[in-house]
Protein chains: 2
Amino acid sequence: MGTAQLTAVPEPKYWHLRSVLLRAIDSEFSIGEVIPNERELAARFGVARATLRQALDQLELEGRLVRRRGIGTLVAAPRVGVPVSRREEGWPGGSREQAWHTVDCVSAPAAERLAQALGVPVGETVHTVRRLRVEQGQTVATESLHVPESVVAQVPEIRLSGAAAEADDHARSVLRRLERLTVDGESRAVELGVAEAEEATLLQRPPGTPVLVVTTQYASGGRLAALAVSTYRADTCRLTFGETGLVEVTPVAPVRTAS
Amino acid sequence: MGTAQLTAVPEPKYWHLRSVLLRAIDSEFSIGEVIPNERELAARFGVARATLRQALDQLELEGRLVRRRGIGTLVAAPRVGVPVSRREEGWPGGSREQAWHTVDCVSAPAAERLAQALGVPVGETVHTVRRLRVEQGQTVATESLHVPESVVAQVPEIRLSGAAAEADDHARSVLRRLERLTVDGESRAVELGVAEAEEATLLQRPPGTPVLVVTTQYASGGRLAALAVSTYRADTCRLTFGETGLVEVTPVAPVRTAS
DNA sequence: GAGTGGTCTAGACCACGAC
DNA sequence: TCGTGGTCTAGACCACTCC
């Protein structure tokens, strides 16, 4: 990583610094390696530390750097592709169910916003299943799956006996019934958000961390059966939406520039 | 917008400020309204301007505020839902084709990265169609649609005569042939990125603006026929992925918290 | 204790838009 | 010309990790 002069340019210093640093981490550092600390880099480039940090902020937002307090700034690994498309990925009982770890399930009367989103009367009982998605040993997403009681009520309960009934808890009970519910449609939206307190903690990130918020509406029997709000770490995740097409194209690193 | 004391709390000042400001813009301001300027807000809350700006940065990232140099800081409108799922939305000739405005089309030998992404030999001619997506009068996305010459060559050319031939240009020629190509599969990925120079200009945003990068692989006749890299403004867009399910659920504002 | 990134300050000047 | 947000500085102190 050379000293690299900062000649007078019409672009902001922090943006030029970003380019210089990007070239450096692409050519002179490998994944997981620690780059020089902020005070040294600032001195080397002849800028204030705050200006250098602005450049590092950009690269962190792009998922190219990871900063760890007390440790240093590391070159990040490429983002992991996380499939979210087919309903088997997210619906309880799906083929890749093991990716999701259920945390708990709370049942409460629906507040106005939630009731409206689910299309149920305010005050109807809604079960909310909290889950974590673990990919390659790392928690990459949290999810709140909201299901109205009136939907779950349609599914015949399976009576457990003896020890099995003892071990059963509320979360498992709701999940088991959802597994037997036929989902015949889903619709998604993706947008940028930030992780707040609890969410950030679950994702092992500080508050304000950028996340990709995925809102999924599951339909069953001609009505909205469930609403899932998932937040994925934007720094480490690339969401993939597969389709059962005729060919299975291999995922590649995104190409940003044409010629 | 009250003065609101900043009592000693374990959380950073800028994060607390964000909460206070968020409540204020939700309750005391309407969409498009200008909130007090940064110097006044900083004085009112008894913090440095840089600290206040950190809070505004967060809210801007969340799409709640828009800052305009020389004007002020405005309460942002809710994000617009932009459908990107069904292939009719993006493929030339689709039903909502009018959403995309073709800028130009350049043809050049594929560099290594692009060739690898398209699965063609390095140096093969690749057509790159640049397009802009306009939604509700605002440019919300730019796209580079890369198509290998070997794919376009399979489509029989339609001969134009007289004045029509004169008016035809390269972009239209490539697009007309793509319209006749049967797409039988597509696969997408979404991740967070930042807009660089030209891209940022097209989106009418400064460099470094966060964007949602959508990478789409189109399959045709058992091979990868085209690669589209689209960048959507993250501040104003919510990407929606519809599915031809049995019901058409109405999109709702995302609900982040359960109980 | 030493070194790292995270937060915060109190200024300064610039670029842009409205008047 | 004035007010706005955008950039930049040169410090300070804190929280965390490692030795």
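For the pair A/R205 CZ and C/dG6 P, the interatomic distance rounds to 9 Å; values are reported in whole Å. The distance between atom CH2 of A/W15 and atom P of D/dT7, rounded to the nearest whole Å, is 11 Å. Following rounding to the nearest Å, B/R18 (CZ) and C/dC8 (C1') show an atom-to-atom distance of 19 Å. A straight line from CD of A/E11 to C1' of D/dG6 spans 15 Å, rounded to a whole angstrom. As rounded to whole Å, 6 Å separates atom P of D/dC8 from atom CD of A/Q54. When rounded to the nearest whole Å, the span between CG of A/D57 and P of C/dG5 equals 12 Å. The distance between atom NZ of A/K13 and atom P of D/dG6, rounded to the nearest whole Å, is 19 Å. As a whole-Å value, the separation of B/E38 CD from C/dG11 C1' is 15 Å.
Side-chain nitrogen and oxygen atoms of A/Y14 include at least one within less than 4.0 Å of the OP1 or OP2 phosphate oxygen of D/dT7. For A/T73 and C/dG5, the shortest distance from a side-chain N or O to OP1 or OP2 is below 4.0 Å. Here A/N37 reaches the OP1 or OP2 of C/dT4: one of its side-chain N or O atoms lies under 4.0 Å away. Taking side-chain N and O atoms only, B/T51 has a distance below 4.0 Å to OP1 or OP2 of C/dT9.
Using a cutoff of 4.0 Å between basic side-chain nitrogens and carboxylate oxygens, B/E135 and B/R238 are not scored as salt-bridged. With respect to A/R133 and A/E143, no salt bridge is recorded, no charged nitrogen being found less than 4.0 Å from a carboxylate O. Looking at B/E62 and B/R79, no side-chain N of the basic residue comes within less than 4.0 Å of a carboxylate O on the acidic one, giving no salt bridge.
For A/I71, counting side-chain heavy atoms from C-beta on, the closest listed nucleotide (D/dC18, D/dG6, C/dG5) is D/dC18. Closest to the side chain of B/A50, out of C/dT9, D/dG6, D/dT7, is C/dT9. Relative to the side chain of A/R53, the nucleotides C/dT7, D/dT7, D/dA15 differ in distance, and C/dT7 lies closest. For B/R49, whose side chain is taken as the heavy atoms from C-beta onward, the closest listed nucleotide among C/dA10, D/dG6, D/dT9 is D/dG6. Of the candidates C/dG6, C/dT9, D/dG5, D/dG5 carries the atom nearest the B/R67 side chain, counting heavy atoms from C-beta on.
Each of B/G70 and B/P206 was assigned the nucleotide of DNA chain D with the nearest heavy atom; the assignment lying further toward the 5' end belongs to B/G70. Across the interface with DNA chain D, nearest-nucleotide mapping of B/R69 and A/A48 shows B/R69 to be the residue nearer the 5′ end.
Between A/Y232 and A/T142 the shortest side-chain heavy-atom distance does not fall below 4.5 Å.
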CA sep, side-chain torsions, deciding dist, call: B/R130, B/S144, side chain to side chain donor-acceptor pair (under 3.5 Å): CA-CA 5 Å; B/R130 291 275 285 183; B/S144 289; 3.0 Å; yes

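Within the nucleic acid shown, A/R39 comes within 4.0 Å of at least one base atom, counting heavy atoms only.
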